[in-house]
Amino acid sequence: MEKSHVFEWNNSAFQQKVLAWYDQNRRILPWRAKKNSKPSPYHVWLSEVMLQQTTVPAVKKYFERFTSLWPTIHDLANSPPDTVMQEWAGLGYYARARNLIKCAGIVSTDLNGKFPENEKDLKLLPGIGPYTAAAISSIAFGNNSVVVDGNVERIVSRVFKVDDPLPLAKKQIHALAKHFYEGITSKRAGDMPQALMDIGATVCTPKSPKCAICPMSDMCAVRQCSDNPDLYPRKLPKAKKPHREGKVYWLETEAKQILIEKRSDEQMLGWMFGFPGTSWDGVGNDFVAPDINWDMVGDVTHVFTHFSLKLEVLRGRMPIGKIKLNKNQYLIDITEVENIGFPSLFKKVLKLALPIRNKHPG
DNA sequence: GTCCGGAGGG
DNA sequence: CCCTCCGGAC
């Protein structure tokens, strides 16, 4: 759409409205520095990685926990990877945690604990892509980067009334987003993306945005033509998810131990603990279940981004001496199994199998 | 159950 | 440019 069809667009007028709103309404978040001061690059990086695909409320506790366990990037880099993975459990998208660990190692040892300041060098680090590089360079270092996340995409699509559907409209939206940042001073460079995120999260929300109190409403094309903002950004219909099925085994010993395994780098939920089973992600081999009597415990269902999964949970017992452990497999005491940080899929398995086990110890 | 939110990497 | 990765709110 041609923005001039609706009104005369003015970059700095828009920026002033947004920044004035931010000065009055900014959210207080653990990773944000006080007004007029820059937060630590370590905090910005850690929070931005956690915030990828994850909501602010979910991230808060994890951020507090991580920074209290590891006050500096050196502390994080020196921690055993398993400990970091355990602390990440429940946050999802575990590749982020694996990249976080790799990145911490590089910054701590190769770069003396200093993050690069420009987008180009930031993007060379594991887990830092276009968005995160732009966010760190502007928020931590005051560079005027064009930061585009889902909030900014949504705001752009409404303010400029972009009628092409996502993801086709990505490039167009990114180009239009430049208007939001052009000419911002270094002093305000970090505030602008954060202001847009705050407005996106609290005012220009995906559904039923609060246009009546929006600082951008008189410059918003969708608002000005009384279109329904809920319809923006337009999106291509998504493909139906395929369904997969498999088995998962709860194998216990007479000594009240449970068999768990650490998943490999290549598998889904890599580096996390889980229970053995058939390969439901198309990677690795099926668990060769010992020839014993298996009781059906029930089904667990879980939905991932690109498929839904149903696992049949089977429970069996055998003497400890008969169990041959592969590497990456461990026998863990029944009293400790609840303390393992499992990803959600295996938490469901645990929740199903453990009470039955306690009721009928065999 | 359904929808929502998005970046990294090959 | 396409594929791959979860959890929570409702």
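Any value given below was found using the heavy atoms of this structure, including those in side chains, with hydrogens, waters and symmetry copies removed. Lettering of chains follows the sequences in order, A, B, ..., and the numbering in each one begins at 1.
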Would a distance-only check, ignoring hydrogens and angles, find a side-chain to backbone donor-acceptor pair under 3.5 Å from Arg154(A) to Cys204(A)?
-> yes
To the side chain of Lys207(A), which of dA7(B), dC3(B), dG7(C) is closest?
-> dC3(B)
Across the strands shown, which category fits Lys347(A) at heavy-atom distances under 4.0 angstrom: base, sugar-phosphate, nothing?
-> nothing
Is the Trp250(A) to Phe275(A) ring centre distance short of 6.0 Å?
-> yes
Taking only the side-chain heavy atoms of Asn151(A) (C-beta and beyond), determine which of dG8(B), dC4(B), dG6(B) contains the nearest atom.
-> dG6(B)
Contact class for Pro57(A) (heavy atom, under 4.0 Å): base, sugar-phosphate, or nothing?
-> nothing
Give a yes/no on whether any side-chain N or O of Asn99(A) is located under 4.0 angstrom from OP1 or OP2 of dG9(B).
-> yes
Could you check whether Val148(A) gets within reach of a base, just the sugar-phosphate, or nothing at all, counting any heavy atom under 4.0 Å?
-> sugar-phosphate
Phe304(A) near the nucleic acid: base, sugar-phosphate alone, or nothing, with a heavy-atom cut-off under 4.0 Å?
-> base
Walk me through it: do Arg96(A) and Tyr94(A) pass the test side-chain hydrogen bond (donor to acceptor under 3.5 Å, both in side chains)?
-> CA-CA 5 Å; Arg96(A) 293 183 298 167; Tyr94(A) 297 94; over 6 Å; no
Which part of the nucleic acid, if any, lies within contact of Thr132(A), taking any heavy atom under 4.0 Å across all strands shown: a base, the sugar-phosphate backbone alone, or nothing?
-> sugar-phosphate
Within the structure shown, what part of the strands sits under 4.0 Å from Gln52(A) by heavy-atom distance: base, sugar-phosphate, or nothing?
-> sugar-phosphate
Here the gap from Glu312(A) atom CD to Lys247(A) atom NZ, rounded to the nearest 0.5 Å, amounts to 4.5 Å
Pro130(A) side chain, from C-beta outward: closest of dC6(C), dG5(B), dG8(B) = dG8(B)
